[in-house]
Structure formats: C-alpha cells, structure tokens
Asks: 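Once you've had a glance at the structure underneath, I'll fire off some questions.
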Number of protein chains: 2
Amino acid sequence: MSYEGSSGVVSGRQSGRPTLEQVAARAGVGRGTVSRVINGSPRVSEQTRTAVARAVAELGYVPNQAARALAGSRTDAIALVIPEAEARLFAEPYFLDLIRGVSAELAEADKQLLLTLVRSEQERQRFEQYLAAQRVDGVLLASVHGDDPLPDRIRELGLPVVMNGRRSEAEPVPYVDSDNIGAGRAAVAHLVGRGRGRIATVTGPLDMYVARARLGGYRAGLAEAGLAPDEALVSTGDFTEEGGRRAMRLLLDRRPDLDAVFAASDVMAAGARSVLREAGRRVPEDVALVGVDDSPVARLMDPPLTSVRQPIEEMGRTMARMLIQEIAEGPDEPRRHVLPTELVVRRSC
Amino acid sequence: MSYEGSSGVVSGRQSGRPTLEQVAARAGVGRGTVSRVINGSPRVSEQTRTAVARAVAELGYVPNQAARALAGSRTDAIALVIPEAEARLFAEPYFLDLIRGVSAELAEADKQLLLTLVRSEQERQRFEQYLAAQRVDGVLLASVHGDDPLPDRIRELGLPVVMNGRRSEAEPVPYVDSDNIGAGRAAVAHLVGRGRGRIATVTGPLDMYVARARLGGYRAGLAEAGLAPDEALVSTGDFTEEGGRRAMRLLLDRRPDLDAVFAASDVMAAGARSVLREAGRRVPEDVALVGVDDSPVARLMDPPLTSVRQPIEEMGRTMARMLIQEIAEGPDEPRRHVLPTELVVRRSC
DNA sequence: CAACGACGTGGGAGCGCTCCCATCCGGGGC
DNA sequence: GCCCCGGATGGGAGCGCTCCCACGTCGTTG
C-alpha cells in the first residue's frame, strides 16, 4: 500500500475524480446539500454535515475548479503583473520579496497567484485578453510608470486593481506605497547628524513618482536642516549601477567638495561607490553614502552601506489584503496605504 | 468616447461579455463552426473563417476560460512550485531568473503561470488539493531535497512534472539540471592553472545532490591535476553566508597553508571572503577564491569574484518546454537535460 | 449515371458546479 | 386541532464551451 494522505484517495486515474453528485449519492443526500456543506453554508443540520464530510473524505473529493468558476463566475485567482524591464532594474530581491508577501496573504485566503511577467507590448495586449477571459478576480500591478494606462484599462474591464507604488501624487487607483519622502528625509537627517553639509543626491528616472518622491524627501531634509538647496548637487540616474556611476562622475565634476551622497537605490549607491573609489575618495571618511532598499548588496558592500529599508514583503501583503477585500465587498472609495521606511545604519557614514 | 483597444469592446459591464453563441448568430453560422475557427481547426472554409473572424472582432469576443477548462478538461495553466525555505537560501536572483525563463516559454505557448511558494507542510498539503482540483495541466518543481516525496506524489495524481535539479544520481522523474560536476572541475582546473596547489572547498549541505555533485567535480578536478585529495581541505556549509563563514574558519584552522578556496555558491564565497579578510589573508594574493552562480554579489565583491555561471534562465525555458511537450504528447521516456556551466573569470584569482 | 467519399457544417449532449425555487417537515400560535 | 412559518433539503436550470455525430453538398469514381 502506498501512503495516501487523506483516506481513500483513489490515486488519480484519468478515468476521473469523484464529482459532487457521487458524494451526494454516497452520503444519501442531494447535490445542493453537498454544495452547501462544501461552501460552509449555515443552513445545514449538524448531522447531515457530518455525513457529507465523511463521504467527502472517503471518496477523496475535491471540487473541480473549472466547474466552480463557470457556475459561480469567480476564479479564486488573482494576477500579479510585473513589467520585465523593471524586474531587471530594481534591486533584485525586490520582486521576490513582494511575491513572498502577496503569496503569503493569498495562501491564507485560499486564492491562487497567477504571475505575469510582461516583456513587450504584444505580451501586454495578450495579458488584457487573459483578463477578459475571466481567468482572475483581480489584478495586482507592480511598478508602474507615470504614463502607464494599464491600471485604468483594467478598471474599465470591471476588475479590481491594486498597484504597488503610484503614478503621481494624485493617484486615482488604489495603491500601496512606501514613504519615499520620509526615506529621503531620514537619509539627509542622518547625514546632517554626522556633520555633513554638502550632501549630493543621485536620483532615479524622474518620470517615476518614486524617484521624484525620494528627491522631494531629500530637499525637505535639507530645508529642515537649514541647508540651502543646490541644483549642482542633484544628478539624475536610472536605478542601474552604470547610471549611478555616471551620475556620480557628474557630481564629482560639478562639486568636488561634496562630502555625502544620498543615492535613491542601493544599486546606484554601488555604482557611485566604485566611482568614488576610483577618484580616491574614502567612504565614509571623505564621502558618506546612503542608499535605499537595504538589499543584500548593501550588506555586502565594502564598507557595508547605510540604507533606507522599505517593508517590501509587508507591501505585498497589504496589496493582497486590499484586493481581496475589494473583490469580496465591491469597490470602496479608492484606498491608499503608505508604509513607513526605516533607516538601517552601517559603516558607510 | 473612451479608447477601446480592439473595435467595439463594450467595456466590461458585469452584464456580460459576448458568448460563442452570440458570435455564431452574428456570423450566421453554428456554434461548432465558431469553435473551430477559434481553435484553428483546418476544416473550415476560408470564407466562413473570415466571416467568423469579423464577428469576433466586432463583438470583442474572448473565450471564457472556465467554460473551456470544464468542457475540454485542460486549463492551459501550469504551476511552478518554489519551497520558501530555498527561496531565502539561494543567491537571490536565482528564482527570478528561473521564473523569467519559465514565463517566457509559457508566454510563447500561450499558457499561464501559477506560482506557488510553499512555506509549510500545511501549505504543501493545500497545494496537493489544488492539483487535485485540476487547476493546472502540469507542474514545475524548483529545488528539491534528496528525500522530497512531492515529485512522486504528483505523478501519482497523473500530472506531468519536470524538476529543476535532481534528488540523486538516479532520478526517475524528468528534470533539468546544470552540469554541477563540470562546475567543480572547471573551478579547480582554473585554480590549478593559476599555480595553486592547496585548494580547499566549502560545500553545500550534502543531503542535496547539487552539493554532492559540486564536491564530486572538485575531487575530479584535483585528480585530473594529479593533486592528492585531502579531507582536511573539505568543509561543509549550507549555502548561507554565515555557513560559508563557519566553514572557512574551520578550513583556516585545519590547513592555515591553503592557497585557494572553491565555494559551492557565491553567497558562501562572500562569507568566506569576510573571514579571510579578518584573518589578514589577501584575495587573490594569498588565497584565490572561486564561487558558483555568477550572481550580482560576485560582481560587487571586492575584489570581484570569479564564479561558475549556471544558465538559470535557460534552465527555466527548458523545463517549461519539456513540460509543455509532455502535456501535449503524453509521457515520454523520462527525459533529462544537463546544461553546461561556464567559468567567469574575475580578479579573485 | 448511380453510388460513394470528403469536406463543411449544425447542433445535441454533456463537463461539474452554483443558484434558486419548490417542497417537506415540525413546532408554536390561536 | 388547524394553520402558518421557518429551517432543511432536493433537484432543475443554467454557466459557456468542446466533442462528436449526423447531415447536406459537392466532385469523383466505376
């Protein structure tokens, strides 16, 4: 005998798994009653419930998902969409952490995760087809650009959406974001506290709200410390290591006297760090460095990088929770969550 | 008017999307004929095909997936299972790369990817339920341990499976693996070529085939170079940074005269590297270092780490391809693919 | 010139559920 | 003692598709 998990699971012959009908027959009740038991309806007597439960166990019955979806017009699945281009950009563990959070929350709610990496316009269109085919009950969108029409398109299809991040200050679609402004302020405040006064920043691409917000936080931090803003201390990167390198070179050119850098991502900080090393600047003695993400890269850098941590997994959980609620209860007023960030101090400043 | 993508997509009112029947009526043909056109059957006249295609476009028809699955008993979806514990262990981008490959191949075949992170025994059981609910046509398993019964259980359910990696030398289930033995040999050969003669290794946990295979490659490499094996030069890690650190300390204790280390992962190499630094050994002057994975960590280390690259994305693609073929054509003889690895030389040796 | 395939086509019969209405039963109120 | 009501139950009617059989309509063969 092989081990069968729950009793009596007749190992899955193609000839077929038991149906509701068969369970009903075995329990000596009607189809409707079994359905009620399976779905936890209260309008069933305790006795009947027990009988049905036993029949289910004996037959190893598992409801057929396709039939359920067809009859009930819900799939118990949600899609998580990740633009492939971004997947390469971001500090690598970002999306894995996000997936982890989403997955954990969905598992609790007994829902499936459909992962969609979108790598071309063609695939994006195909994705819209999937949505129209009613494969999912809702959509989670990771990393949207400022001009992305997808969120609105999905809403037009009548599907609930929650985004990770927002496209602009006034985002109409429900979203979960981290406090990027707070991240910038915390970084600058920390640098100021260490006695730095000529603090530069390497930003992300400014068509992304996240980049603008971190830059805004940087400026707010300077203002709060009574430091004058200086556009020569601001250089635009693109969240890549090479972009960070370029931006850093520019900064050193323009303001060789800078004594600190706030990079809007760890990866760009790594790029900046290599340029600083080539330029003979010591970190942190000559130039202090702060990144964002608190990724493994930060821990492994030499010296280890001070970085602003985002609660990525928690963002994933929150997104999933919001979406599930909207699916269950219909559209609320647009909801938004902004989760706090946290400065993790290491030796780079 | 809002933009509608393809013409006439009546934006998704809950009142409902068009059905096969409606398309048939509009095109003036029968249901069966529309189905044939949608599914690309050749037994339709060119003229009819055109008429149906027009009706489809005009109505913005998209076949309902649930109905299809119910009637046709296939879902066009496959599951990718990743044990959560492993997701933390591995060099982070590993699974993202794997997902990327799988996703790309599935997109081409117009199949959906269901991602399942399994983080507990309870979730594993729930996952088996999903399989029984016939939500997917096949399963891809990432990172299996030596004693994992899941692959066999899935086969018992009658579902095609392909694994990433294998549980032992004689793996009965179809799998895709990288040439781990070759990886170890290449690393050792390179170190020997650089004049090193007292080459140590930090292995992975030896209950995983991948760890045993890399160790086997290391030994084969020594033998080919005519070097005597020495068990004092072998230390077991667990694929974590801390594990690498511990193993390295042990090695330095036992053989302070070692002049090279082959670590079975980049992350462990990073751990080893920090211990070497604390011990005042210079890399590569005193001790040369080689890792496995060619992860971002390798590039960012100081000095950048020589590492054996695995074609992770390609493994993902291959797995998906194998699975799709098995779904389409039924079980073949067990198939296995071992993909070549490649040494990426950097300054650490 | 009749018979016969082959090709195109229409549509019935499910697939296995959920929804919902009709039915049944027992107990309490008058 | 009769009627009414509410809880428990059975089962018909789909959900939208695929499968497959049956039915023309031709062109072809003997």
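Predicted, not measured: the structure shown is a model, and the values here were computed from it. To find a chain, count down the sequence lines: A is the first, B the second, and so on, and within it residues start at 1. Basis for what follows: all heavy atoms, side chains included, without hydrogens, waters or symmetry-related copies.
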Asks: Counting only side-chain nitrogens and oxygens, does A:Thr33 get under 4.0 Å of the OP1 or OP2 atom of D:dT9?
Replies: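 No, because none of the side-chain N or O atoms of A:Thr33 sits under 4.0 Å from OP1 or OP2 of D:dT9.
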Asks: Rounded to whole Å, please give me the gap between CD in B:Glu21 and C1' in D:dC17.
Replies: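 Interatomic distance, CD of B:Glu21 to C1' of D:dC17: 10 Å.
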Asks: Quick check for you: among C:dG10, D:dG10, D:dC17, whose closest atom lies nearest to any side-chain atom of A:Val29?
Replies: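 Nearest to the side chain of A:Val29 among the choices is D:dG10.
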Asks: Touch check for B:Ser73, heavy atoms < 4.0 angstrom, all strands: base, sugar-phosphate only, or nothing?
Replies: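 B:Ser73: no heavy atom of the nucleic acid under 4.0 Å.
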Asks: Under 4.0 Å from OP1 or OP2 of D:dT9: is there any side-chain N or O of A:Ser45 that close?
Replies: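 Yes.
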Asks: Measure the CG-NZ distance between B:Leu323 and B:Lys111 for me, rounded to the nearest 0.5 Å.
Replies: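 Here the interatomic distance stands at 9.0 Å.
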Asks: Tell me whether the side-chain N or O atoms of A:Arg17 pair up with the base of C:dG16 as donor and acceptor below 3.5 Å, since no angle test is needed here.
Replies: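 A donor-acceptor contact between them is absent.
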Asks: Would you compute the distance between atom CD1 of B:Ile78 and atom CD1 of B:Ile324 and round it to the nearest 0.5 angstrom?
Replies: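 With rounding to 0.5 Å, CD1 (B:Ile78) is 7.5 Å from CD1 (B:Ile324).
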Asks: Pick from A:His337, A:Glu105, A:Arg336: which one makes a side-chain contact (heavy atoms from CB on, under 4.5 Å) with A:Met322?
Replies: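 By the side-chain contact (heavy atoms from CB on, under 4.5 Å) criterion, A:Met322 pairs with just one of A:His337, A:Glu105, A:Arg336: A:His337.
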Asks: Select base, sugar-phosphate, or nothing to describe what B:Arg31 touches, counting heavy atoms under 4.0 Å on all strands.
Replies: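 Answer is base: heavy atoms of B:Arg31 come under 4.0 Å of a base.
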Asks: For DNA chain C, whose closest nucleotide is more 5', that of B:Gly72 or that of B:Gly32?
Replies: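 It is B:Gly32 whose nearest nucleotide is closer to the 5' end.
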Asks: How long is the line joining CG of A:Asn64 and C1' of C:dT18, in whole Å?
Replies: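 That distance rounds to 13 Å.
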Asks: Closest approach to the side chain of A:Leu20, judged atom by atom: which nucleotide of D:dC15, C:dT18, D:dA8 is it?
Replies: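 The listed nucleotide nearest to A:Leu20's side chain is C:dT18.
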Asks: Let me know, please, whether B:Ala71 or A:Asn39 comes out on the 5' side of the other along DNA chain C by nearest nucleotide.
Replies: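 Final value for this comparison: B:Ala71.
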Asks: In whole angstrom, give the distance that lies between atom CZ of A:Arg74 and atom C1' of C:dC17.
Replies: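 So the CZ-C1' distance, A:Arg74 to C:dC17, works out to 10 Å.
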Asks: Can you tell which of C:dC15, C:dT9, C:dG10 lies closest to the side chain of B:Leu70?
Replies: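 The listed nucleotide nearest to B:Leu70's side chain is C:dC15.
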Asks: Determine: side-chain N/O of B:Arg43 to OP1/OP2 of C:dG8, distance under 4.0 Å, yes or no.
Replies: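 Checking C:dG8 against B:Arg43, no side-chain N or O comes under 4.0 Å of OP1 or OP2.
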Asks: Could you check whether any side-chain N or O of A:Arg74 sits under 3.5 Å from a backbone N or O of A:Asp137, counting only pairs where one atom can act as donor and the other as acceptor?
Replies: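 Flag not set: sc A:Arg74 to bb A:Asp137 has no pair under 3.5 Å.
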Asks: It should be established whether A:Ser35 places a side-chain nitrogen or oxygen under 4.0 Å from OP1 or OP2 of nucleotide C:dT18.
Replies: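 Looking at the OP1 and OP2 atoms of C:dT18, one of them is under 4.0 Å from a side-chain N or O of A:Ser35.
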Asks: Any idea which of D:dG11, C:dC17, D:dA8 is nearest the A:Thr48 side chain?
Replies: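 Among the listed nucleotides, the one closest to the side chain of A:Thr48 is D:dA8.
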Asks: Round to a whole Å and report the spacing from CD of A:Gln47 to P of D:dT9.
Replies: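 Distance check: A:Gln47 CD to D:dT9 P gives 8 Å.
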Asks: Applying salt bridge (charged side-chain N to carboxylate O under 4.0 Å, His left out), run through B:Arg166 and B:Asp177 and close with a yes or a no.
Replies: CA-CA 7 Å; B:Arg166 47 189 140 163; B:Asp177 202 357; 3.0 Å; yes
Asks: Output the rounded distance in Å from CZ (B:Arg36) to P (D:dT18).
Replies: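 Between P of D:dT18 and CZ of B:Arg36: 11 Å.
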